[in-house]
Amino acid sequence: MSATAKKRAPMPDDIRAAKGGTPLVSLTAYTTPMAQMMDAHCDFVLVGDSVGMVLHGLPSTLGVTMDMMVMHGQAVARGLASAMMVIDMPFGSYEESPQQAFRNAARLMSETNAGAVKLEGGVEMAPTIAFLVKRGIPVMAHIGLTPQSINTLGGYKVQGRGDAGDTLMADAVAVAEAGAFAVVLEKVPETLADEVTTQVDIPTIGIGASAGCDGQILVVDDMLGMFTAFKAKFVKRYAHLADDGEAAIAAYAEEVRARTFPAAEHVFSDKAPSK
């Protein structure tokens, strides 16, 4: 799927069909301007529940609500024309039952025009994934490090080392068999990520996994150097916008205090300019 040749936003089946081809490109987005910047370059854009930490200053993703996801999903949708939008189901919106998951997934899709939802979990969530898919809700799965489960995982640790690799492989197979059209592998050992990519017939989307995955995703504020509270090992910073922004704000503050801003070109005369 060439980002320059697309005439329409891809559908979940298009993403699935990219298995083994040119790697899929994805980033998170939470606002219209950011979505507009990445639209021509991404195959799909994720409205991630990472918005809670990145934009709202929450300590984790657990405090993100359905209303927050709807609001940010609507904003991102306004900025997309070429990329498919996937939206995260927040913590507590799908774990109780398949029926709860359907109600909330249907709301997210109908109110944001998302092309699919993403939810975390492997074997235990496979019945819910199957329930949603059978009712017309395309699902992207997410296994490995699942941030909504950090309290039970013991923090942001690598998942799938040693004997735990069998469990993660079982998760990948289960979500694929349940009907997920793709699966995110987060913070998974490289060799295991490659094995999963070979074993399942749906695209694997890596974040801290392997270049051998069928695609990659990063939090855009991480890769642009805008979110600086911490930097995960798997993040490559392609820019340092927080540093640039702070320097610009400092320059503005200095000019305001020195009364050099606003200058003549920034203020208005008493008379309207002649035509």
Side-chain angles (χ1 to χ4, degrees), residues 11-16 19 26 28 44-52 60-74 76-77 84-153 159-160 164 166-186 188 196 199-205 207 217:
M11 303 291 286
D13 282 350
D14 298 317
I15 299 297
R16 181 193 289 269
K19 175 73 179 180
S26 180
T28 64
F44 70 91
V45 168
L46 174 67
V47 186
D49 60 358
S50 49
V51 67
S60 72
T61 63
L62 300 182
V64 175
T65 66
M66 282 287 294
D67 286 344
M68 289 167 65
M69 295 307 302
V70 167
M71 177 181 68
H72 289 286
Q74 291 172 341
V76 169
M84 183 179 78
M85 187 173 86
V86 180
I87 190 165
D88 265 340
M89 298 194 70
F91 177 70
S93 70
Y94 61 93
E95 298 91 339
E96 181 180 333
S97 68
Q99 292 77 13
Q100 180 209 29
F102 177 79
R103 287 193 300 272
N104 286 317
R107 179 189 172 195
L108 286 176
M109 292 190 68
S110 65
E111 294 188 22
T112 69
N113 201 32
V117 300
K118 181 171 76 65
L119 57 80
E120 298 180 3
V123 170
E124 74 282 4
M125 294 309 302
T128 295
I129 293 171
F131 188 90
L132 295 179
V133 172
K134 288 177 181 177
R135 287 157 180 80
I137 306 287
V139 177
M140 178 176 288
H142 183 157
I143 63 174
L145 174 63
T146 47
Q148 294 175 9
S149 303
I150 57 167
N151 289 334
T152 55
L153 294 177
Q159 302 295 309
D166 292 338
T167 300
L168 193 138
M169 180 65 77
D171 284 337
V173 171
V175 299
E177 291 180 346
F181 68 89
V183 57
V184 173
L185 305 180
E186 182 168 357
V188 172
V196 171
Q199 289 297 317
V200 299
D201 61 0
I202 60 175
T204 55
I205 311 299
I207 177 167
I217 187 169

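Residues Val70 and Leu108 form a side-chain contact, since some pair of their non-hydrogen atoms from C-beta on lies under 4.5 Å apart. Looking at heavy atoms from C-beta onward, Lys19 lies out of side-chain contact with Asp201 at the 4.5 angstrom threshold. Looking only at side-chain heavy atoms (C-beta outward), Met84 and Pro12 come within less than 4.5 Å of each other. Considering only heavy atoms from C-beta on, Ile15 stays 4.5 Å or farther from Val86 through its side chain. The closest side-chain heavy-atom distance from Pro147 to Glu186 is below 4.5 Å. The shortest distance between side-chain heavy atoms of Ile217 and Leu46 falls below 4.5 Å. Using a 4.5 Å cut-off on side-chain heavy atoms (C-beta onward), Phe102 and Ile137 make contact.
Rounded to the nearest 0.5 angstrom, Ile129 CD1 and Glu124 CD are separated by 8.5 Å. One distance of note links NZ of Lys118 with CZ of Phe181; it measures 10.5 Å at 0.5 Å rounding. We find the CD1-CG distance between Ile143 and Leu185 to be 5.0 Å, quoted to the nearest 0.5 Å. Interatomic distance, OG of Ser149 versus NE2 of His142, reported as 9.5 Å (0.5 Å rounding).
Applying the side-chain contact (heavy atoms from CB on, under 4.5 Å) test between Val76 and each of Ile87, Val51, Val47, Asn113 identifies Val47 as the sole match. For the side-chain contact (heavy atoms from CB on, under 4.5 Å) criterion with Asp49, the lone passing option out of Leu62, Asp88, Thr28 is Asp88. Between Tyr94 and the options Gln100, Arg103, Gln148, a side-chain hydrogen bond (donor to acceptor under 3.5 Å, both in side chains) holds for only Gln148.
Within the structure, side-chain hydrogen bond (donor to acceptor under 3.5 Å, both in side chains) pairs that include any residue of residues 126-137 do not occur (at least two apart or interchain).
What you find for Pro138 and Gly136 is that their closest heavy atoms are CD-O, 3.3 Å. Taking all atoms of both residues into account, the shortest heavy-atom contact from Met66 to Ser93 is SD-CB, 3.9 Å. Heavy-atom minimum distance, Val173 versus Val200: N-CG1, 4.1 Å. Nearest heavy atom pair, residue Gly121 against residue Thr146, reads N-CG2, 4.1 Å. Across all their heavy atoms, Ala174 and Ala126 have their closest contact at O-CB, 3.9 Å. Taking all atoms of both residues into account, the shortest heavy-atom contact from Met85 to Thr112 is CE-O, 3.5 Å.
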List the steps and the verdict of side-chain contact (heavy atoms from CB on, under 4.5 Å) for Val188 and Leu168. CA-CA 9 Å; Val188 172; Leu168 193 138; 3.7 Å; yes
Candidate pair Gln74 and Glu111, rule side-chain contact (heavy atoms from CB on, under 4.5 Å), full reasoning: CA-CA 7 Å; Gln74 291 172 341; Glu111 294 188 22; 4.2 Å; yes
Does the side-chain contact (heavy atoms from CB on, under 4.5 Å) test come out yes or no for Met140 and Val184, once each step is laid out? CA-CA 7 Å; Met140 178 176 288; Val184 173; 3.9 Å; yes
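Proximity of a side-chain donor or acceptor of Ser26 to a complementary backbone N or O of Phe44 within less than 3.5 Å is detected.
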